[in-house]
Amino acid sequence: MSIDSIVAQAVARAVKELYGIDTPADKIAPQATRKEFEGNLTVVVFPWVKAARKSPEAVGAEIGAWLEANEPAVEKYNVVKGFLNLTISPRFWNSVLSHIAETPDYGTVAVAPDAPLYMVEYSSPNTNKPLHLGHVRNNLLGFSLAEILKACGNRVVKTNIVNDRGIHICKSMLAWQKWGEGATPESAGKKGDHLIGDFYVLFDKHFKAETASLMEQGMTEDEAKAASPLMKEAREMLVKWENKDPEVRHLWETMNSWVYAGFDETYKRMGVDFDKIYYESNTYLEGKDKVLEGLEAGKMYRKEDGSVWADLTPEGLDHKLLLRADGTSVYMTQDIGTAKLRYEDYPIDKMIYVVGNEQNYHFQVLSILLDRLGFKWGKDLVHFSYGMVELPEGKMKSREGTVVDADDLMDDMVATARTVSAELGKLDGLSEAETEAICEMVGLGALKYFLLKVDPRKNMTFNPKESIDFNGNTGPFIQYTHARICSVLRKAAEENLDDKADYSEVVPGEREITLIQSLADFPAVVQNAGATYSPALIANYVYDLVKTYNQFYHDCSILKESDPAVRSLRLQLSRQTARVIATGMSLLGIKVPERM
């Protein structure tokens with residue numbers, strides 16, 4: 001049992017005995033004592049002041065005295081207004097460390113067969129371009145959130161919805177027909193997603209040239225865009241696709257297969273995966289049927305032009321178009337169709353959509369519509385709304401070819417990791433294979449950590465140079481500390497230094513107690529990250545843990561400690577710190593090296 005639980009249960013017994021108040025222990029949440037006050041854990045006593053009919057100071061003092069007399073873990077206490085600060089008995093921390101060492105999968109909860117089922121949707125790419133930096137943040141957030149929810153004891157299904165239909169797809173297809181000269185990924189020597197992205201950019205280049213020419217003839221910009229022969233051809237191709245024209249469908253399937261092969265390669269390197277992939281080409285008709293069901297049931301209405309709408313004014317919103325006058329679907333309809341298929345496939349308890357904050361209104365509407373249409377989780381769906389990621393140079397634009405490609409970004413990060421690591425001597429004595437593996441680990445670890453350490457709700461600027469730094473709040477700093485601890489443990493084994501000596505009677509020092517307490521906080525941090533959907537809590541916890549360990553490492557001798565019991569305590573502390581670092585980083589999708 002964790003020290004927090006022990007203290008919470010003791011406080012619950014105290015208030016029952018002192019004041020006759022029944023308080024569930026899980027409603028009492030001891031927090032780490034602020035650094036400016038004496039103590040290890042702090043309990044807020046205000047909830048019992050009214051019933052006790054005493055001042056907060058008096059209540060704190062009475063509970064503190066009871067704990068000092070009745071709970072072996074509590075050595076002494078002090079009260080600051082309504083805050084009861086408890087100092088834990090130094091030797092008791094040794095039992096906390098032993099508990100951590102003896103707990104399999106420490107910090108995580110085993111998933112029960114009847115645990116709630118969370119579905120997490122992330123990635124959501126278009127098949128007309130490769131994944132870019134924005135997709136990288138989306139994928140990393142979605143994958144990490146899924147891992148954290150699993151660590152909290154939930155069943156999790158990771159899903160992806162691929163936007164594989166629409167006018168934007170036809171633009172790439174038409175450009176390939178006109179200027180591709182039969183190019184394939186093999187003949188071009190390119191990943192399929194990159195090849196198709198080139199044709200999307202090429203379409204836009206020719207389209208802009210056409211509109212500029214028409215504007216020179218006296219048209220306005222809107223008139224020129226509407227009159228563009230190229231755009232007209234793209235629209236005609238979309239109609240043919242909708243009508244299942246064999247030639248257009250064959251080209252669509254071929255080009256999409258190239259893109260999917262490219263996506264799979266990128267996902268694999270990024271370290272993300274999916275349990276189920278849905279395709280909008282399969283879901284948009286399902287959504288149309290569901291909307292028509294809603295229309296029949298009086299939950300939607302039809303206008304004179306034949307379009308179908310939902311009246312959202314009772315919810316304080318406006319009217320939302322669901323089917324156009326020609327019967328074609330909008331994005332909202334597609335999302336309803338995807339929801340229908342997912343609900344048929346899985347008994348979902350909670351649906352989480354990992355989508356940027358520019359779609360806040362869309363998901364507010366979707367939640368209302370799904371609830372109206374009878375999806376039990378619709379009302380409580382979660383839009384994991386995250387901020388945009390930019391570069392120091394500013395925003396990116398796909399159609400202009402100014403995006404930061406995910407593959408290029410990962411290549412650059414690994415190359416930078418190699419350069420920086422070599423300059424600092426981190427690769428000395430390693431074989432080329434080891435060097436390659438470590439540079440991949442460090443480069444991608446730097447990228448992932450930099451994107452995940454920020455509160456996901458905030459917009460952020462990604463600076464590659466800042467992310468690869470072996471000092472400060474970065475992935476490489478954490479990875480290097482893990483490698484350092486592994487080095488200490490290897491040397492201990494090589495020198496036959498026993499780490500099995502009984503340390504229960506050792507009186508740990510301040511640095512050791514602080515480190516044990518930090519390790520003891522890990523399960524609560526994981527639960528909090530799952531409850532608030534915030535991988536950033538894990539990232540910053542691990543960084544703080546690493547800083548605490550480095551202070552301990554600097555001040556406390558480990559291998560040269562002559563007392564076997566003290567050395568055993570410090571080696572165990574090192575071992576458990578490395579273990580928690582590895583677990584925490586794995587929840588972020590980041591690997592940690594044992595050598596560096």
Side-chain angles (χ1 to χ4, degrees), residues 117-132 134-147 149-150 154-166 168-169 172-173 185 191-197 241 249 251-288 290 329 331-356 359 362-363 366 370 375 377 381-384 386 406-407 589:
L117 177 63
Y118 283 68
M119 180 174 280
V120 183
E121 175 198 291
Y122 58 97
S123 199
S124 310
N126 296 331
T127 57
N128 63 324
K129 56 191 175 184
L131 303 177
H132 56 64
H135 290 115
V136 174
R137 189 180 196 196
N138 178 293
N139 278 280
L140 298 181
L141 284 170
F143 179 82
S144 179
L145 179 60
E147 293 301 300
L149 290 170
K150 276 193 282 187
N154 302 294
R155 291 180 297 148
V156 177
V157 175
K158 296 175 282 187
T159 65
N160 185 358
I161 175 70
V162 179
N163 187 355
D164 63 342
R165 62 174 289 276
H168 52 292
I169 310 298
S172 296
M173 291 164 61
K191 284 175 76 235
D193 51 336
H194 288 241
L195 180 65
I196 302 310
W241 185 92
R249 284 286 178 131
L251 176 61
W252 172 73
E253 288 169 359
T254 300
M255 293 177 69
N256 273 355
S257 71
W258 297 344
V259 174
Y260 298 146
F263 283 173
D264 288 346
E265 199 176 317
T266 304
Y267 287 140
K268 185 176 180 182
R269 188 179 188 190
M270 204 185 296
V272 304
D273 58 9
F274 308 95
D275 300 307
K276 178 82 173 181
I277 297 180
Y278 294 87
Y279 300 90
E280 287 192 2
S281 55
N282 296 328
T283 67
Y284 80 107
L285 292 176
E286 297 281 352
K288 182 177 178 179
K290 199 69 184 171
S329 302
Y331 276 114
M332 188 66 68
T333 322
Q334 294 168 19
D335 275 347
I336 291 171
T338 306
K340 174 179 179 287
L341 291 178
R342 286 172 173 165
Y343 195 67
E344 289 171 356
D345 291 341
Y346 300 96
I348 304 167
D349 293 302
K350 180 75 78 173
M351 182 71 216
I352 302 174
Y353 294 87
V354 181
V355 182
Q359 295 292 329
H362 176 90
F363 285 98
L366 180 63
L370 291 177
F375 295 95
W377 47 263
L381 73 78
V382 174
H383 174 205
F384 184 118
Y386 65 89
D407 296 311

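It should be emphasised that the depicted structure is a prediction, and the values quoted were computed from it without experimental measurement. Numbers for residues simply follow the sequence, beginning at 1.
- Applying the salt bridge (Lys or Arg N to Asp or Glu O under 4.0 Å) test to Glu147 and every residue at least two apart in sequence or in another chain returns Lys150, Lys158.
- Under the rule for a side-chain hydrogen bond (donor to acceptor under 3.5 Å, both in side chains), the partners of Asp407 that lie at least two apart in sequence or sit in another chain are Lys191, His194, Thr266.
- Judged purely by distance below 3.5 Å, without hydrogens or angles, the side chains of Asp275 and Tyr346 never pair a donor atom with an acceptor atom.
- Nearest heavy atom pair, residue Pro130 against residue Gly197, reads CD-CA, 3.9 Å.
- With contacts defined as side-chain heavy-atom distances shorter than 4.5 Å, the pair Val157/Val120 does not qualify.
- For the pair Tyr267/Leu131, a side-chain contact is recorded, criterion being any heavy-atom separation below 4.5 Å from C-beta on.
- Listed by chain and residue number, nothing satisfies the side-chain hydrogen bond (donor to acceptor under 3.5 Å, both in side chains) test with Arg137 (two or more places apart in sequence, or in another chain).
- Thr127 and Asp164 are not linked by any side-chain donor-acceptor pair at a separation below 3.5 angstrom, with hydrogens and angles left out of the test.
- The closest side-chain heavy-atom distance from Lys276 to Asp345 is below 4.5 Å.
- Residues satisfying the ring-ring contact (aromatic ring centres under 6.0 Å, His included) criterion with Phe384, sequence neighbours excluded, are absent altogether.
- Annotation: the span from Trp241 atom CH2 to Ser281 atom OG amounts to 5.5 Å, rounded to 0.5 Å.
- Counting all heavy atoms, side chain and backbone alike, Val354 lies closest to Asn138 at O-ND2, 2.9 Å.
- Counting heavy atoms from C-beta outward, Met332 and Leu366 have side chains that approach closer than 4.5 Å.
- With sequence neighbours excluded, the residues forming a side chain to side chain contact (heavy atoms under 4.5 Å, CB included) with Asn128 are Asn126, His168, Ile169, Ser172, Tyr200, listed by chain and number.
- For the atom pair NZ of Lys288 and CG of Leu285, the computed distance is 7.0 Å after rounding to the nearest 0.5 Å.
- The OH atom of Tyr331 sits 9.0 Å away from atom CD of Gln359, with the distance rounded to the nearest 0.5 Å.
- Residues Lys350 and Trp377 are not in side-chain contact: their nearest non-hydrogen atoms beyond the backbone lie 4.5 Å or more apart.
- A search for side-chain hydrogen bond (donor to acceptor under 3.5 Å, both in side chains) contacts involving Glu121 returns Ser124, Arg342, not counting sequence neighbours.
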Trace of the side chain to side chain contact (heavy atoms under 4.5 Å, CB included) decision for Tyr284 with Thr333: CA-CA 7 Å; Tyr284 80 107; Thr333 322; over 6 Å; no
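- For the salt bridge (charged side-chain N to carboxylate O under 4.0 Å, His left out) condition, no pair includes a residue of residues 254-268, sequence neighbours left out.
- Closest non-hydrogen pair, Pro185 versus Gly192, comes out as CG-CA, 3.8 Å.
- With hydrogens and angles disregarded, a donor-acceptor distance shorter than 3.5 Å links the side chain of Asp349 to the backbone of Leu117.
- Cation-pi geometry between Arg155 and Tyr118 is not satisfied (NZ or CZ under 6.0 Å from the ring centre, within 45° of the ring normal).
- Note that Lys340 lies outside the cation-pi zone of Tyr343, set by a 6.0 Å cut-off to the ring centre and a 45° limit from the axis.
- For Ile277, the side chain to side chain contact (heavy atoms under 4.5 Å, CB included) criterion is met by Asn160, Val162, Phe274, Tyr279, not counting sequence neighbours.
- Thr254 pairs by the side chain to side chain contact (heavy atoms under 4.5 Å, CB included) definition with His250, Trp258, not counting sequence neighbours.
- Contacts of Arg249 classified as side-chain hydrogen bond (donor to acceptor under 3.5 Å, both in side chains), with partners at least two apart in sequence or in another chain: none.
- Looking at heavy atoms from C-beta onward, Ser123 lies out of side-chain contact with Phe263 at the 4.5 angstrom threshold.
- Considering only residues two or more places apart in sequence or on other chains, Tyr353 meets the ring-ring contact (aromatic ring centres under 6.0 Å, His included) condition with Phe363.
- When atom types are taken as modelled, the side chain of Asp193 and the backbone of Lys129 share no donor-acceptor pair closer than 3.5 angstrom.
- Taken to the nearest 0.5 Å, the CZ atom of Arg165 stands 6.0 Å off from the OG atom of Ser329.
- Of the inter-residue distances, the one linking Met270 atom CE with Leu140 atom CG reads 6.0 Å to the nearest 0.5 angstrom.
- A distance-only check finds a donor-acceptor pair linking the side chain of His383 to the backbone of Val355 [under 3.5 Å].
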Derivation of the side chain to side chain donor-acceptor pair (under 3.5 Å) call for Tyr122 and Thr159: CA-CA 7 Å; Tyr122 58 97; Thr159 65; over 6 Å; no
